[in-house]
*Asks:* 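The following block contains the structure, expressed as structure tokens.
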Amino acid sequence: MEPGSTSPAVRVSGLTKSFSRGLRRTPVLALNAVDLEVATGEVFGLLGPNGAGKTTLLKILLGLVRPSAGQASLLGVPADSPRARARIGYLPENHRFPAFLTATQMLDIYGRLAGVDSASRRRRIPELLELVSMAKWADTRIRQFSKGMMQRVGIAQALMNDPEIVFLDEPTDGVDPVGRKDIRNIVVELRRQGKTIFLNSHLLSEIERVCTRVAIMNEGHVVRDGSVDALTQVESGYRITSTRVSDPARLGLVVPDAPNPDSSTFTYLAQNVGRDDLNGIVDQLRRDGVLIEAIEPVRQTLEDYFIEVVGREAKP
Amino acid sequence: MTGIIGVVILTFREVWAKKITLGLFIVCTLLWLLMAFALNLDIVEGSISGIRIFGQTADTPTETHVDDAGNAVQELLSLETFVTTVESVVAGLAYWVATLLGLFAVSALMPSVLERGHVDLLFSKPLHRLTVLGGHVAGVASVALVLSTYLLGMVFLVISLKTGFWNVNFLLSIPIVVTMMLVMYGTMTLVAIRTESTALSLIVSYGLIVASLVFLAHDQLIPQINPPWRSVFVALYHILPNFAEVTEPVAKLARGDDVTRWYPFYSSVGFGVVMYGLASLSLLRRDL
């Protein structure tokens with residue numbers, strides 16, 4: 001997309017990639033006619049089990065792998081063109097920056113590689129190190145960095161050319177909870193700046209927190225695609241924690257698990273009920289002398305949904 | 001242009017970060033320091049009348065001439081002969097040692113470029129793949145140029161200052177050393193791109209150097225080989241790099257002699273060009 005045009009940040013159409021493996025050159029279909037669009041300004045999460053085709057898709061978008069069929073474009077420019085790559089930033093999984101360089105030297109060299117001029121590099125390096133909370137380590141060699149620090153300078157590296165799309169492959173991999181929160185905040189800040197973020201992570205809770213849209217891949221297909229809210233929405237229901245209910249079926253309550261004999265409280269599910277129905281059930285429970293400890297709406301997590309979808313897809 | 005300079009700088013720094021490169025630098029420094037401080041020459045009327053190494057007097061070098069009457073006459077070694085001989089020996093040694101150690105130092109570079117986590121970082125930048133390859137080779141060439149210029153340049157300076165005889169031809173060996181180093185690195189690059197194996201790329205390029213020692217005696221060997229294999233041998237002689245044979249032009253240039261046969265050098269350069277061509281094709285076609 002040239003500035004001012006309305007092409008999506010990422011567009012993939014009929015993308016297919018097959019590899020040959022082993023001595024017998026057995027064909028393996030890594031991507032099978034994948035169609036996908038990511039709008040500008042979205043924080044997009046790509047999910048999928050190992051071998052689903054996520055990495056292959058990402059590599060095609062970055063021009064590292066050539067598709068067998070179909071098209072991929074970034075901001076309206078064919079993905080294999082260096083012109084497209086001038087407007088993206090990328091943090092690969094298991095990146096290996098030269099360990100003998102300091103953070104500043106590394107950013108300077110990778111900024112050069114991204115075509116950033118000298119004046120912009122001088123300005124952006126301290127800014128980005130500040131953004132990723134690494135300013136005081138600017139002159140420390142990378143070999144002395146922890147995994148979390150490596151990820152932070154890696155993100156700074158991906159932002160050197162002030163990209164319009166940022167691809168982050170497992171950005172929180174190996175990072176402690178505090179570091180994860182910091183990285184999440186950086187993603188939120190980038191989103192606020194209007195950048196498109198393409199996130200590839202196994203940490204579904206992270207994706208759930210920051211992504212506006214997700215796609216789930218399995219066996220080379222995109223099997224689900226939508227907003228996190230839409231995908232995790234379940235039919236309305238509530239989880240009630242209380243003392244024993246003598247006849248739960250009479251009130252339409254379901255006992256999800258075997259009750260713990262040592263516990264004084266039990267959990268019941270009120271499925272497919274609205275707020276008014278719930279209040280009716282609560283009134284009846286109080287009349288029956290049941291003591292209610294907690295009531296919470298039932299919501300499926302992205303992880304639950306992911307396992308459900310991938311598990312369903314895997315069944316013959 | 002900023003991008004390709006970035007690749008050159010990255011490669012240059014990666015080579016210098018290796019201990020073996022530092023080792024080469026130290027060896028070069030020791031060699032010229034040795035010449036500077038341990039070697040003392042007594043020069044009388046343009047001839048070497050005495051040599052002292054670490055303060056010990058060595059045999060006075062002489063050369064034999066045939067006079068007008070046909071008698072062999074022993075004379076003191078002329079300054080010019082001494083300087084050109086020493087420099088041609090240094091050039092020949094530097095050619096072999098610098099190339100063999102240099103190849104060892106850079107052997108892991110291309111496989112490391114293609115390793116996961118590095119390859120994605122480099123090739124996801126807005127650079128054409130051939131620009132990355134070109135910048136990488138230019139980085140290796142710049143290290144080879146710096147090291148050989150340092151070694152041969154310092155030796156040239158020390159000997160010239162000590163003797164007052166400036167044999168500028170000696171410096172012509174620098175571009176040949178660098179070019180041959182790059183010819184052999186072309187093989188390494190191709191093997192590394194095809195296999196990502198450091199060991200294999202070293203084995204193949206060192207193997208070609210060893211094979212070139214056999215080709216050194218091609219004039220004597222060809223008549224001894226049976227006809228069907230003779231043409232194979234001759235073809236290989238012309239196709240493969242004649243690394244060992246190039247020692248002769250290097251030494252001759254250093255001595256200031258005319259080089260009568262450039263063919264081994266040209267055919268080696270041709271081989272290198274083909275290797276880089278194939279390496280470029282492989283890099284363009286492969287998934288990273």
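Chain letters run A, B, ... following the sequence lines, proteins first, then strands; residues in each count from 1.
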*Asks:* Using a cut-off of under 4.5 Å for heavy-atom pairs, which of H128(B), R286(B), H118(B) has the most such pairs with chain A?
*Replies:* H118(B)
*Asks:* Counting only heavy atoms closer than 4.5 Å, note whether P82(A) contacts chain B via side chain, backbone, both or neither.
*Replies:* both
*Asks:* For a ring pair (Phe, Tyr, Trp, His ring centres under 6.0 Å) check, start with the C-alpha distance between F145(A) and F97(A), then their side-chain angles and the critical distance, and finish with the verdict.
*Replies:* CA-CA 11 Å; F145(A) 287 175; F97(A) 293 114; 9.8 Å; no
*Asks:* Can you tell whether the side chains of D176(A) and K147(A) come within less than 4.0 Å, N to carboxylate O?
*Replies:* no
*Asks:* Please determine, among S112(B), S124(B), G6(B), the option with the most heavy-atom pairs under 4.5 Å with chain A.
*Replies:* S124(B)
*Asks:* Heavy-atom distances under 4.5 Å only: say whether L91(A) touches chain B with side chain, backbone, both or neither.
*Replies:* neither
*Asks:* Tell me which of these, L121(B), I9(B), I4(B), has more heavy-atom pairs under 4.5 Å with chain A than the rest.
*Replies:* L121(B)
*Asks:* Applying ring pair (Phe, Tyr, Trp, His ring centres under 6.0 Å), which residue pairs with at least one partner in residues 41-94 of chain A are found, sequence neighbours left out?
*Replies:* F44(A)-F198(A)
*Asks:* Under a 4.5 Å heavy-atom cut-off, does chain B meet the side chain of T56(A), its backbone, both or neither?
*Replies:* neither
*Asks:* Which answer fits R129(B), side chain, backbone, both or neither, if we ask what part of it has an atom under 4.5 Å from a heavy atom of chain A?
*Replies:* side chain
*Asks:* Here's a test for you: under salt bridge (Lys or Arg N to Asp or Glu O under 4.0 Å), which of R87(A), K195(A), R121(A), R123(A) qualifies with D162(A)?
*Replies:* K195(A)
*Asks:* Pick one of side chain, backbone, both or neither for F167(A), based on which atoms fall under 4.5 Å of a heavy atom in chain B.
*Replies:* neither
*Asks:* Is there a side-chain hydrogen bond (donor to acceptor under 3.5 Å, both in side chains) between Y150(B) and T29(B)? Walk through the geometry before answering.
*Replies:* CA-CA 8 Å; Y150(B) 177 67; T29(B) 307; 2.8 Å; yes
*Asks:* What residue in R66(A), K59(A), K17(A), H95(A) has the most heavy-atom pairs under 4.5 Å with chain B?
*Replies:* R66(A)
*Asks:* Within a 6.0 Å radius of atom CZ on R96(A), are there more than 12 heavy atoms belonging to other residues, nucleotides or ligands?
*Replies:* yes
*Asks:* Quick check: are there more than 12 heavy atoms from other residues, nucleotides or ligands sitting under 6.0 Å from CZ of F104(B)?
*Replies:* no
